[in-house]
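Worksheet: one structure, shown below.
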Amino acid sequence: MRYFKLIVPLSLLVMVAFGSLIFGQTQTGTITGRLTDETGAMLPGVTVTITSAALITGTNVTTSTEYGVYKFIALPPGTYDVKFELEGFRPIEKKDIKISAYFVAKVDVVMGIAALEEVLTVTGEAPAVDTTSNVSSTSFDKNLLEHIPSGRDLWVVAEQVPGVVMDRYNIGGTESAQQSSGFVHGSQSQQDYSINGLSLNWPGGPGSATSFYFDHDSFEEVQIQTSAAPAEIGVGGLYMNMITKSGGNEFHGAATLLYEPGKLQGNNVTDELKAQGIETANPIDLIADFNANLGGPIMKNKMWFFTSYRRYIINTQMLGLRRPDGSPEVDINHQTNVLGKVTTQLNPNNKIMAQYYFNYQNRFYRRAGASFVEEKASTRQIEPCHIIQGQWTSIFFKDLFLDVRYGYKHLIFPMSYQPEVGPNDYCRVDDVRSTMTGAASYDMKNIATRHQFNAALSYFSDYLLGGSHDFKFGFEYTNCLNGYDYKSNGDMVMHLYDGVPAYIVAYNTPVKQGSKYQTFALYAQDSFTIGNRLTFNVGVRFEAFEGWNPAQSSPGGTFYSARSFSEVRNIPNFKNVVPRLGFSYDLFGNGRTALKGSFSRYTQLEGARFPENLNPNALGGDVRLWTDLNGDLFADLNELSAPVSFFGGVGVRLDPNLTRPLSDEASIGVEHQVGEDLALSVTYYYRKNSNWMGRNNILASYTPVDIAAEGKTITVYNQTPETIGLIDRVITNIPEFYEKYQGFELTAKKRFSNRWQLIAGYTRGQSKGYYVESRWGFSDSSDPNNRINIEDAYHPSDRTNIFKLIGTYFFPRDFTVSANYRYYTGQPLTRRFRVTGMNQGSFSVALEPRGTYRYPTVSILDIRASKIFHFSNFNLEAMFNLFNVFNASTTVSQITTVGPYYGNPSRILSPIIAGFGVRLTF
């Protein structure tokens, strides 16, 4: 703690001493270039003016330096015109320069002697390749966000990025009520949800999730980085930056309604699925999405506002689940968003922004804990989340800039019992049938807060040590709380094997727990360009992480007595320095072809999982064998054994030599511009994740036992009787655990021009390793049963072949056709065998390495057709959507434990469904 108290004010003092901070490029772009005459001589003193509706003042002016260099940074996404003027030379204007977040448009100009008075206007020469950056990123502008048919959430946007794999397949919004986890090029648990360049992830677990469901129509642009992140970005996987709209000097607004009624869906249940008892496949009752937004000037050229409202309804039915009256069980979800934003240009050099963002996520039947969960055993999630953001940017001279950002998030996330659940309703789980009945496992409320403060310092030099430099220094500070309240009827969950009582999970409920953590990062980076063609991007990042558990207590329950605990800090206290190295070389000097390479080291993203796992007051308990002596399917105390295993934070400690997991990534590739706006690339990616961790019970010992399983003999391990109930669990690094990814990727990205735009990509790769699957939850890697058949296993996110294509074509008479196609090799599947009769109770083991079997290949096509009608004061667009055009019924989840129910699907793709929509704009 003393370290953090010292370093934060010291860093602020250093920033003030330098006197300036830069506007972060994570939400803006740059236009720069070198100006020469027809002999190649540098032209200083050229007046350069940019004009764009994205600028509050409408224009911005600078002059070229003695080396003929000009630069505009911190440009909001948009389209820009650039004019060059110098007495004695013919003025030149470059039009339609498209800027997206983190993109550097290099616009070099050769100015001729003023033989003519008129301005030479050049259109269609905007760069599509950033020849100075090695970052791999994909930007989605308003055209793509509005026209590509999808479920209209952040995760389906990320899924459209080449190489990205999501853990669920969203057909027209059917999965938009639950966030997805994303993977790219071997990254694991590495997701950053940034709003206007400020990270605001949920603090729980490994810190890689969000607690906010976003308003799709509030985005000006979504930029997703997937590789070669600079030092200013900590995450080494999916960096998702959502830039919200700001308004403008003219009033603009829109109202959108998209409607998918259940009557317009097909049935994709095959005869094979019907033989397994499935009549309808995840059918839709109703999906409706309404948004209204308005933006404009409060004071023209001075202050803008933007506000947006969304209501998203997703009502579906559950596969294979019926109520007692025979009607299908349902999944009802409502999302509400409200956004308000004000941006003010105080003077030419100072700008401030304030934003409030609210999300109300209501899931009335949230299911977890089994493949088939009846409505009564589901939970009720009525979840409000608030985000407040502020930003101040200031320009000093031409080369010094100030950016200060602060964000606050407050969440109340309940998973409550259903209203009909009474105190005598208990949770029962059948491990063989994968069913849950009676009640949810527990009633829970999560309260989480996050404070985020970022600032940075930058200096641009057009000539120093043989080239130009973009120096940047910055720091980030995070302070988070993640707390839970738990209660459970009977303080237990009863487990059965195909209807036969087997064991219970006994909880230490009621529980009132809380954990905190803080992070601090310092970074320095430089973009060093030599000779206008070769750029080195070098950086270093220092990261510190400390977790702790404040003083806390919980009352007693059925199985555990009341307890109180004092504050404990340094859980853990990591400090790491990681490098970022890259280069980009303009192969032919014309700004159209670049050779790019990088090496990056990342630390594993962390949240509250460390203090939570070491919190003796956290939700925990034990497993006890259950013999139902009276046959009433209720676990009486006299029917239970002594505990055979334990879970929770009791008996857990950190290895004093524990170090943070790391991920090393390398890439090499070529990017080439074809024609006006099309960029093609081919890139090779390599990643190794290492220094992984496990939670090992050093007091447990095991003896091998050979058993018959599925026609073969396998060796499992029986815990010795004398070590049953003994726990001393140490979280430590497991040196032999690792994962490697390697693959290549072809991409084609065309910005909108000449009536069409496109993003396409083909990725072929392989992600394999040696590790216990749930490593981020600190699985017991000392239990040899967990290590059976994990050698050279595929990661669950592995897809050998991935192909993506999204695009839009605008026909004459304002008729538009858009498509969204994705293809994946099926995900790896692990057949598991349940072992019973051992001293430690039952457990399951892998029969083969993961990936020996796979789910079927997934192929999904969505299309949209629309027509715009023009009226005097507004435009009206009529839309028709068709999702899952092939009506594919691919199984994407199934029961994996061998036995009578093995292979029964728990989820297949939703069937073909049609939808209509209208959008009014003015």
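As the structure is a prediction and not an experimental result, all values here were calculated from the model.
Ring to ring, Y360 and Y213 are not that close: their centroids are 6.0 angstrom or more apart. In summary, the aromatic rings of F471 and F460 are positioned with their centroids too far apart to meet the 6.0 Å limit. Between F453 and Y477, a ring centre-to-centre spacing not shorter than 6.0 Å is recorded.
The side chain to side chain donor-acceptor pair (under 3.5 Å) test with N537 singles out one residue from N134, D470, D526, and that residue is N134. Screening E146, E877, R919 for a side chain to side chain donor-acceptor pair (under 3.5 Å) involving S866 leaves a single residue, E877.
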Practice problem: Show your reasoning for whether side-chain hydrogen bond (donor to acceptor under 3.5 Å, both in side chains) applies to W392 and N350. | Solution: CA-CA 7 Å; W392 171 39; N350 289 273; 3.3 Å; yes
Exercise. For side chain to side chain contact (heavy atoms under 4.5 Å, CB included), just list the numbers for T529 and F536, CA-CA rounded to whole Å, side-chain angles, deciding distance to a tenth of an Å, and then say yes or no.
Key: CA-CA 6 Å; T529 301; F536 291 103; over 6 Å; no
Self-check item: Trace of the ring-ring contact (aromatic ring centres under 6.0 Å, His included) decision for F475 with Y523
Solution: CA-CA 6 Å; F475 73 89; Y523 61 84; 8.9 Å; no
Quiz item: What's the verdict on salt bridge (charged side-chain N to carboxylate O under 4.0 Å, His left out) for K596 and E671, showing C-alpha distance, side-chain angles and the deciding distance?
Solution: CA-CA 8 Å; K596 303 184 177 189; E671 189 173 7; 2.9 Å; yes
Quiz prompt | Worked verdict on D81 versus K95 for salt bridge (charged side-chain N to carboxylate O under 4.0 Å, His left out) | solution = CA-CA 4 Å; D81 296 339; K95 300 184 72 67; 3.1 Å; yes
Quiz prompt | side chain to side chain contact (heavy atoms under 4.5 Å, CB included) evaluation trace for E476 with F520 | solution = CA-CA 6 Å; E476 304 166 1; F520 178 77; over 6 Å; no
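For H252, there are no ring pair (Phe, Tyr, Trp, His ring centres under 6.0 Å) partners at least two apart in sequence or on another chain. Legend: residues meeting ring pair (Phe, Tyr, Trp, His ring centres under 6.0 Å) with H410, ordered by chain and number and at least two apart, are absent. Taking the ring pair (Phe, Tyr, Trp, His ring centres under 6.0 Å) definition, one finds that F922 meets it with nothing, sequence neighbours left out. With sequence neighbours left out, the side-chain contact (heavy atoms from CB on, under 4.5 Å) criterion links L145 to F140, V157, H216, F219, V222. The ring pair (Phe, Tyr, Trp, His ring centres under 6.0 Å) test applied to Y357 returns F212, not counting sequence neighbours.
Put simply, the side chain of M111 does not reach to within 4.5 Å of the side chain of T36, judged on heavy atoms. Within the 4.5 Å cutoff, side-chain heavy atoms of I806 are placed close to those of L144. Residues R34 and M42 have side chains in contact (heavy-atom distance under 4.5 Å, counting atoms from C-beta outward).
Among residue pairs with one or both ends in residues 42-60, none qualify as side chain to side chain donor-acceptor pair (under 3.5 Å); sequence neighbours excluded.
Here the side chain of R405 pairs a donor or acceptor atom with the backbone of N196 at under 3.5 angstrom. Looking at Q345, its side chain never comes within 3.5 Å of a backbone N or O of M303 through a donor-acceptor pair.
Relative ring orientation between H469 and F528 is described as parallel, the plane-to-plane angle staying below 30° on a 0-90° scale split at 30° and 60°. Between W155 and F214, the ring planes lie tilted relative to each other; the angle falls in the 30° to 60° range.
Taking the charged nitrogens against the carboxylate oxygens, R541 and E232 have no contact shorter than 4.0 Å, which rules out a salt bridge.
Other residues, nucleotides and ligands place more than 12 heavy atoms under 6.0 Å from the OH atom of Y67.
When all heavy atoms are compared, the tightest approach of Q355 to I195 is NE2-CG2, 3.7 Å. The two residues I243 and A101 make their nearest non-hydrogen contact at CD1-CB, 3.6 Å. The heavy-atom pair separating T132 from K106 by the smallest distance is CG2-CD, 4.5 Å.
Side-chain contact check for N291 and N293: at least one donor-acceptor pair (N or O, by modelled atom type) lies under 3.5 Å. One side chain, D192 or S199, offers a donor N or O that lies under 3.5 Å from an acceptor on the other.
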